[in-house]
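First the structure, then my questions, so here it is.
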Protein chains: 2
Amino acid sequence: MTRRGAGERVVLDDVARRAGVSTSTASRALAEDRRISAATRRAVREAAADLRYVPNATARSLRARRTRTFGLLLADLSDPVHGLVAAGFEDEAARNGYRVAFAAGQGDDGRERRSLRLFAEQAADGVAIASTLLDPTAARRLVPGGRVVIVQPDSPRLPRDRRTTIRGVVRTDDVAGMEAIAAHLVACGYRDVAYVGDGVRTSDVVRRRALERALAAGSAPMPVRWVRAPDEAWRAPGPVVDAILAAVPDVLVCFDDKLALSLLDGLRTRGVRVPDDVGVVGFDGIPYAEISNPRLTTVVTPAAEMGRRAAAILIAAVQTGTMPEAETLPVALVVRESTRVRGDGKGKVALGG
Amino acid sequence: MTRRGAGERVVLDDVARRAGVSTSTASRALAEDRRISAATRRAVREAAADLRYVPNATARSLRARRTRTFGLLLADLSDPVHGLVAAGFEDEAARNGYRVAFAAGQGDDGRERRSLRLFAEQAADGVAIASTLLDPTAARRLVPGGRVVIVQPDSPRLPRDRRTTIRGVVRTDDVAGMEAIAAHLVACGYRDVAYVGDGVRTSDVVRRRALERALAAGSAPMPVRWVRAPDEAWRAPGPVVDAILAAVPDVLVCFDDKLALSLLDGLRTRGVRVPDDVGVVGFDGIPYAEISNPRLTTVVTPAAEMGRRAAAILIAAVQTGTMPEAETLPVALVVRESTRVRGDGKGKVALGG
DNA sequence: TTGTAAGCGTTATCAA
DNA sequence: TTGATAACGCTTACAA
């Protein structure tokens, strides 16, 4: 009864016994409690080391009523943007002593809810959700404690303009990004602009509207055509390319880089040259956009930083007891090869007038 | 004392009380224990639903001495291959009721060990490690229970050839992949072959050796030149491109797709045309290789499937008590635009073929 | 069929 | 400065 079998795990009692103290003293000693004498502390530390004691986080969590675990829910771990968000989140969390449990929602409402429930059962101290259709209120209801931060919310019920105040949200300044794109398009002399996106996702609508508004506001207002590309069009861009070929615009502004890069390939297949025949602009700044051929002009968003901020916000929420207000991170237009200044009416004749 | 405050979490006792049964009956009822009458079970279920009861996984784990959690340790979550491994792992784990905690080791030995220790404290039921320098034996020592599976081990102490038997390992058949590449190079008529890699990582050495061996074995044996590219060369391929330009070979076989795609860009910058001036071959089959310009000839490895197998192996190990033997997953050469049949004075290959 | 009680490994309270 | 003891919330012998 006294001796533990070979396979048994070493517990605090074993350490205490070996150090000749009580369990509580051992516990306090390992926590470097000042009330325990230095000598006793050392003795306990040594006993623990000798026995290769590994504290049981489960028991500790049960007692402490906090797990030092965050949940991270995202649509797809293999997506480059989400991968970066996850990397930043994990880094910041780990740096502060938090573990990260994660789940992939696959954009499926049911799966997302089930994952949140699992996080709730785990008693995660906080949950971050990336690119979800759930709005913060709904998500919070599913997480006891309601400590939820949403990264790049895609809820139709959530205001995304910069002025609106809301808590527990991290987003990029997409409007500023589109304004920068618009200015660039004007500077390049593009006239016939088309936006490529699904028209459904909130972030898609926000970006398109921002582009329209920015281009309508200039000294020479320009309308924006709209090429519909279903959500997963980047996997098989053929139909979208067909739609584009029906009336090739001067420049395509794409919802994101994945779609833009996919169109680069699709257009090449059909013999359309970028940027000679048509310019292409992306959004996100995924790593590959830097080395595509042609390299992609895009708005770079700080994906890893968003993850880090999400973790930081949760940590702050744990410490202060209140959820910090939304953060909107800056973006930057990076002009590369897929757009360029057009000749003064020379070269290609504009199709759209 | 009887009534819980508003913010308090609902526990099993509350459910039991509301259903008018004891805690144990409630517990059994929620577990659909056949000994509990159907009526009681329903009553308890309803009470739980009314109160929005969420079971406490921490308490359950403490009692059950298993957490239904796996740990996943990989170098970098934002790497496309690792992202896919993680996605597959999470999918298979979730499908079987396991949660996944993950940590990024950043290729740093100290971080890896610390992460494994955290998994140990968490009492993870199993741990998967991707692309680590730790060999299974060392890793197992750090994880109580030793339930560890290594995906694409990179340990110099681990045999990677197909014949050697070992437990808890999932890897791709790199040798077969390189043999396929060699056959393709021969078929294309390439004579001057160069391998680009760091010469340090075990997987790098394995791939290079396999290529050398395969090319030496043909009816017309060919030597393989070796262009050194430090581990992170893909981030800044300039120096490697310089080395290549010093004596441009017929074809470059790269350690992985990241490096190959980066070289595609670097070569283009210097005016070297692919595949006209030099062929390029990658390894891994990351999504972007399908739409690069030119599209990349590469060996496609089943990254997501590796993750899934790793999870399946851990699940089997939990159930059977023994770690299954190594699995070697098949790979497939996919010929695209970055290589092509030489000579015979043919013109440029048409796009989009 | 249901209830009582013990215990999983910690930490915090209260005494000494 | 240290030790006994009671939780934390759940599951499962053992009783009834």
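Keep in mind that this is a model prediction, so the values were computed, not measured. Reminder, nothing fancy here: chain letters follow the sequence lines and each chain counts from 1.
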Under 3.5 Å, is there a donor-acceptor pair between the side chain of B:D76 and the main chain of B:Q106?
->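 Not at all, since once roles are kept as given, no pair shorter than 3.5 Å links the two residues.
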Check salt bridge (charged side-chain N to carboxylate O under 4.0 Å, His left out) between A:R42 and all other residues, then give those that pass, not counting sequence neighbours.
->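 Per chain and number, A:R42 pairs via salt bridge (charged side-chain N to carboxylate O under 4.0 Å, His left out) with A:E46.
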Answer yes or no: is there a donor N or O on one side and an acceptor on the other, between the side chain of A:R99 and the main chain of A:T67, under 3.5 Å?
->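 Checking the backbone N and O of A:T67 against the side chain of A:R99, a donor-acceptor pair under 3.5 Å is found.
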Grab the CZ-P distance between A:R66 and D:dC8 for me, whole Å please.
->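 Atom CZ in A:R66 sits about 18 Å away from atom P in D:dC8.
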Please give, in whole Å, the distance from D:dA7 C1' to A:L62 CG?
->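 Spelled out: CG on A:L62 to C1' on D:dA7 is 9 Å.
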Rounded interatomic separation in angstrom, taking CD from A:Q122 and P from D:dC10 =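 Those two atoms, CD and P, are 15 Å apart.
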Using atom CG of A:D13 as one end and atom P of C:dG7 as the other, report the distance to the nearest whole Å.
->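 Roughly 13 Å, once rounded to whole Å.
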Identify whether any heavy atom of A:T40 sits under 4.0 Å from a base atom; if not, whether one sits that close to sugar-phosphate; answer base, sugar-phosphate or nothing.
->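 Touches sugar-phosphate only.
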Could you check whether the rings of B:Y98 and B:F70 sit parallel, tilted or perpendicular, using 30° and 60° as the cut-offs?
->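 B:Y98 and B:F70: parallel rings.
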Whole angstrom value for the distance that separates P of D:dT1 from CG of A:D33 |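 The distance from CG of A:D33 to P of D:dT1 comes to 10 Å, rounded to the nearest Å.
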Taking the side chain from A:T40 and the backbone from A:I36, do they hold a donor-acceptor pair closer than 3.5 Å?
->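 No; judged by distance alone, with no hydrogens or angles, the pair does not exist.
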Counting side-chain heavy atoms from CB outward, which of C:dC8, C:dT1, D:dC10 is closest to B:R65?
->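 The nucleotide sitting nearest to the side chain is C:dC8.
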Among B:E92, B:E327, B:E325, find the residue that satisfies the salt bridge (Lys or Arg N to Asp or Glu O under 4.0 Å) test when tested with B:R309.
->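 Option passing the salt bridge (Lys or Arg N to Asp or Glu O under 4.0 Å) with B:R309: B:E327.
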Residues that A:T23 engages under side chain to side chain contact (heavy atoms under 4.5 Å, CB included), provided they are two or more places apart =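 Partners of A:T23 under the side chain to side chain contact (heavy atoms under 4.5 Å, CB included) test: A:L12, A:D13.
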Atom CG of B:D14 and atom C1' of D:dG9: how far apart are they, to the nearest Å?
->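 Value for this atom pair: 11 Å.
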Of the candidate nucleotides C:dC8, D:dG3, C:dT1, which contains the atom at the shortest distance from the side chain of A:V21?
->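 Closest nucleotide among those given: D:dG3.
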Using whole Å, report how far CG of B:N56 lies from P of D:dC8.
->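 Those two atoms, CG and P, are 12 Å apart.
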Atom CZ of A:R17 to atom C1' of D:dA4: distance rounded to whole Å?
->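 It works out to 15 Å between those atoms.
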Scan nucleotides 11-16 of chain D nucleotide by nucleotide, 5' to 3', and note B when protein non-hydrogen atoms come under 4.0 Å of the base, S if they reach only the sugar-phosphate, - if neither.
-> BBB---
